[in-house]
Each structure stands twice: as structure tokens, then as C-alpha cells.
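This report concerns only the one structure given below.
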Amino acid sequence: QVQLVESGGGSVQPGGSLRLSCAASGSIFSIYSMGWYRQAPGKRRELVTSITKSGSRNYAGSVKGRFTISVENTWSTVYLQMNSLRPEDTAVYYCHADVRNSDYWGQGTQVTVSL
């Protein structure tokens, strides 16, 4: 009973920045944690970063120091600030929410990093 819609994807040059947004609606008060996953062509979906209601944040080693996850106080929107982008960051990025041990996913937004 949670709907997630990503936005903010696009094409950027290496070293550039991009900010993704995920708008959550429905029973957002019951969200335990939210995060971002990505899937590149020919690869498995991987966890990029997550944040819990308790304030814990986790980052994949490949993005630590470059990406930052943040969330509105109401948890109505979660953001992914991506800096120093690299071609290997190219992927479809998915917003995820953990609600009472149930998983909810957004439709995904394409991020392409190239010259």
C-alpha cells in the first residue's frame, strides 16, 4: 500500500552530478526503511544505499563518498545526490521501501554517464 515514483534521471558527463527523487504515497507512516538500487545491462540488481527510521545509513563501497541519501522528515520523498559520476554508474536506478517486511519498488529511472 505504498507507491513509489522516481524522477531526476538523465544523461551527464563523467564527473558531473545528478539528483534523483522518489516520491512516496500511501501508508508512508509505516515505512521502516528506504533505499536505492541499480541495475546495469547484463548485471544483477545491487543495493546502492539505504536509510532506516532509526537513522542508520549504508552505502555500497563503489559509491561511498560520492553519493548521499537523504529523506524528508515526513518520509514522503527520498533523494539520492550523486556526485563525481563515472561511466560505471550507468544503470536504471530503483527506489525501494521496506514496509512491515513487505517490499515496494518504483518503476525505475535511467542514469547514463558518458561523454
Side-chain angles (χ1 to χ4, degrees):
Q1 296 180 332
V2 173
Q3 297 79 46
L4 305 173
V5 180
E6 302 97 333
S7 62
S11 298
V12 297
Q13 296 182 2
S17 297
L18 204 62
R19 191 190 197 194
L20 306 183
S21 298
C22 174
S25 60
S27 301
I28 59 175
F29 57 85
S30 62
I31 294 176
Y32 169 72
S33 67
M34 296 189 72
W36 290 92
Y37 289 71
R38 67 185 181 186
Q39 187 167 21
K43 296 185 177 181
R44 299 180 62 83
R45 187 174 300 184
E46 65 173 345
L47 174 65
V48 177
T49 180
S50 65
I51 183 170
T52 70
K53 278 286 184 64
S54 64
S56 296
R57 290 174 169 85
N58 290 298
Y59 295 92
S62 60
V63 307
K64 190 174 183 179
R66 301 188 297 121
F67 291 10
T68 303
I69 188 171
S70 61
V71 64
E72 297 282 3
N73 188 45
T74 60
W75 283 67
S76 60
T77 308
V78 64
Y79 304 95
L80 181 63
Q81 178 66 47
M82 304 183 292
N83 299 325
S84 302
L85 284 163
R86 306 165 180 169
E88 52 263 43
D89 294 319
T90 296
V92 177
Y93 284 70
Y94 296 91
C95 181
H96 170 264
D98 185 354
V99 182
R100 295 171 180 167
N101 296 318
S102 296
D103 294 316
Y104 294 86
W105 296 90
Q107 81 287 352
T109 185
Q110 177 71 47
V111 172
T112 301
V113 185
S114 65
L115 294 173

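One-based numbering along the sequence shown.
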Atom CD of Gln107: over 12 foreign heavy atoms under 6.0 Å: yes
More than 12 heavy atoms of other groups within 6.0 Å of Lys64 NZ: no
Does one hydrophobic cluster hold both [X] and [Y], with members joined at side-chain heavy-atom distances below 4.5 Å?
X     : Y     : result
Trp75 : Ile69 : yes
Tyr59 : Val71 : yes
Val48 : Ile51 : yes

Which atom of Ser76 lies closest to which atom of Thr74, heavy atoms considered: OG-OG1, 2.8 Å
Shortest non-hydrogen separation from Ile31 to Lys53 and the atoms involved: O-NZ, 2.9 Å
side-chain contact (heavy atoms from CB on, under 4.5 Å) between Tyr79 and Cys22, intermediate numbers included: CA-CA 6 Å; Tyr79 304 95; Cys22 174; over 6 Å; no
Starting at [atom1] of [X], measure out to [atom2] of [Y] and round the result to the nearest 0.5 Å.
X      : Y      : atom1 : atom2 : value
Arg100 : Ser27  : CZ    : OG    : 6.5 Å
Asp89  : Ser84  : CG    : OG    : 9.5 Å
Asp98  : Asp103 : CG    : CG    : 6.0 Å
Thr52  : Arg57  : OG1   : CZ    : 9.0 Å

Is the shortest heavy-atom distance from the side chain of [X] to the side chain of [Y] under 4.5 Å?
X     : Y      : answer
Glu6  : Leu20  : no
Met82 : Val111 : yes
Val12 : Ser17  : no
Leu18 : Phe67  : no

Ser50 side chain vs Met34 backbone, donor-acceptor pair below 3.5 Å: no
Where at least one partner belongs to residues 80-107, residue pairs that pass ring pair (Phe, Tyr, Trp, His ring centres under 6.0 Å), sequence neighbours excluded: Tyr37-His96, Tyr37-Trp105, His96-Trp105
Donor-acceptor contacts under 3.5 Å from residues 39-47 side chains, at least two apart:
| unit_1 | atom_1 | unit_2 | atom_2 | d |
| --- | --- | --- | --- | --- |
| Gln39 | NE2 | Lys43 | O | 3.2 |
| Glu46 | OE2 | Arg38 | NE | 2.8 |
| Glu46 | OE2 | Arg38 | NH2 | 3.3 |

Criterion side chain to side chain donor-acceptor pair (under 3.5 Å) on Thr112 and Ser114, from CA distance to verdict: CA-CA 6 Å; Thr112 301; Ser114 65; over 6 Å; no
